[in-house]
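First comes the structure, then the notes that go with it.
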Amino acid sequence: MQLRKGNLIHLDVYSPSSPKGTVILLHGVGGNGRLLSFLAVPLFKSGYKVICPDMPLYGYSEYTGTVNYDTWVENAAEITEHYEEEKLPMFLFGLSAGGMLAYQVACQVSGIRGVLVTCILDQRQNIVRERTASSPYLVRFGLPVMDYTRNAFL
């Protein structure tokens, strides 16, 4: 799928003859659409059209410029808006970083009927940082310095 800003996103599409809805499956960092086939196939067999994009930097997608998380949000929202035109009930399912991605896309695209997600971690909360960081020193010293540095240059 050719997107407005030039990215060419590879999609694995599972399409029954008369779909009762569309599910867009969003992978996390290091993943791709084919890795989600363990979810796509049962959903397809249950009558859903399933779209599994390869987000930029992973899989077979081609991209231009610098890719960051905002690129993923923009791309996933555009893909979702495209399939929303089919007027089928639309659901987003995200795994790992794809979970937060699904949530953010659902906040932007109005026609989403449901969101299923895994691994939504708000790293702005100290308790989340402490329990997910590889080292307690990173939370106490490294992340505050990174926050200060980022905010100083914005």
Side-chain angles (χ1 to χ4, degrees), residues 1-133 143 146-147 150-151 153-154:
M1 172 183 239
Q2 182 73 52
L3 301 183
R4 289 185 291 267
K5 291 189 177 178
N7 290 342
L8 182 62
I9 303 298
H10 175 87
L11 304 172
D12 289 332
V13 178
Y14 302 77
S15 188
S17 56
S18 297
K20 54 185 173 184
T22 301
V23 178
I24 297 179
L25 294 178
L26 299 167
H27 65 78
V29 175
N32 62 57
R34 279 143 316 288
L35 289 176
L36 303 181
S37 64
F38 74 98
L39 293 169
V41 170
L43 287 166
F44 165 74
K45 288 181 178 179
S46 296
Y48 290 91
K49 181 174 192 171
V50 184
I51 313 300
C52 302
D54 287 351
M55 298 311 293
L57 298 177
Y58 302 101
Y60 296 120
S61 289
E62 298 175 19
Y63 54 89
T64 59
T66 301
V67 174
N68 57 33
Y69 184 73
D70 290 335
T71 308
W72 277 33
V73 175
E74 289 173 14
N75 287 191
E78 188 172 340
I79 292 165
T80 302
E81 289 165 351
H82 171 80
Y83 283 100
E84 190 178 40
E85 293 174 9
E86 295 179 354
K87 305 293 184 203
L88 292 169
M90 176 78 65
F91 304 90
L92 300 176
F93 194 145
L95 287 86
S96 192
M100 192 66 188
L101 178 61
Y103 170 77
Q104 288 184 278
V105 170
C107 290
Q108 291 183 18
V109 179
S110 61
I112 304 302
R113 288 274 190 92
V115 180
L116 296 95
V117 300
T118 66
C119 198
I120 293 184
L121 298 174
D122 187 348
Q123 294 293 329
R124 295 172 296 181
Q125 297 179 13
N126 279 336
I127 188 74
V128 174
R129 286 180 178 183
E130 290 169 4
R131 299 224 174 132
T132 59
L143 293 174
M146 289 174 15
D147 284 344
R150 182 185 69 228
N151 293 332
F153 294 104
L154 291 180

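Side-chain contact between Pro56 and Ile9: present, with at least one pair of heavy atoms (C-beta onward) separated by less than 4.5 Å. Looking at heavy atoms from C-beta onward, Met1 lies in side-chain contact with Ile79 at the 4.5 angstrom threshold. In this structure, Tyr14 and Lys45 have side chains that are not in contact, with every pair of non-hydrogen atoms separated by 4.5 Å or more.
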| query | Are Glu62 and His10 close enough, and set up right, to give a side-chain contact (heavy atoms from CB on, under 4.5 Å), and what steps lead you there? | reply | CA-CA 8 Å; Glu62 298 175 19; His10 175 87; over 6 Å; no
| Where do Tyr58 and Val29 land on the side-chain contact (heavy atoms from CB on, under 4.5 Å) test, with the steps shown first? | CA-CA 8 Å; Tyr58 302 101; Val29 175; 3.2 Å; yes
Kindly list each side-chain donor-acceptor pair under 3.5 angstrom involving residues 16-28, sequence neighbours excluded, with atom names and distances?
residue	atom	partner	partner atom	Å
Lys20	NZ	Ser46	O	2.8
His27	NE2	Met55	N	2.9

Could you pull out all donor-acceptor pairs under 3.5 Å where a side-chain atom in residues 90-105 meets a protein atom, sequence neighbours excluded?
residue	atom	partner	partner atom	Å
Gln104	OE1	Tyr69	OH	2.6

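Sorted by first then second residue, the side-chain hydrogen bond (donor to acceptor under 3.5 Å, both in side chains) pairs that include residues 71-81, not counting sequence neighbours, are Lys5-Glu74, Asn7-Asn75, Asn68-Thr71.
Scanning all heavy atoms of the two residues, the minimum distance from Ser37 to Pro42 falls at O-CD, 4.0 Å. Across all their heavy atoms, Gly6 and Thr64 have their closest contact at O-CG2, 4.3 Å. Residues Val13 and Lys49 approach most closely at CG1-CE, 4.1 Å, considering heavy atoms.
Asp54 places a side-chain N or O within donor-acceptor distance of the main-chain N or O of Tyr60, the cut-off being under 3.5 Å. At least one donor-acceptor pair under 3.5 Å links the side chain of Asp12 to the backbone N or O of Arg34.
If you take SG on Cys52 and CG on Leu35, they are separated by 10.0 Å, rounding to the nearest 0.5 Å. Going from atom CG of Leu43 over to atom CD1 of Ile51 covers 11.5 Å, rounded to the nearest 0.5 Å.
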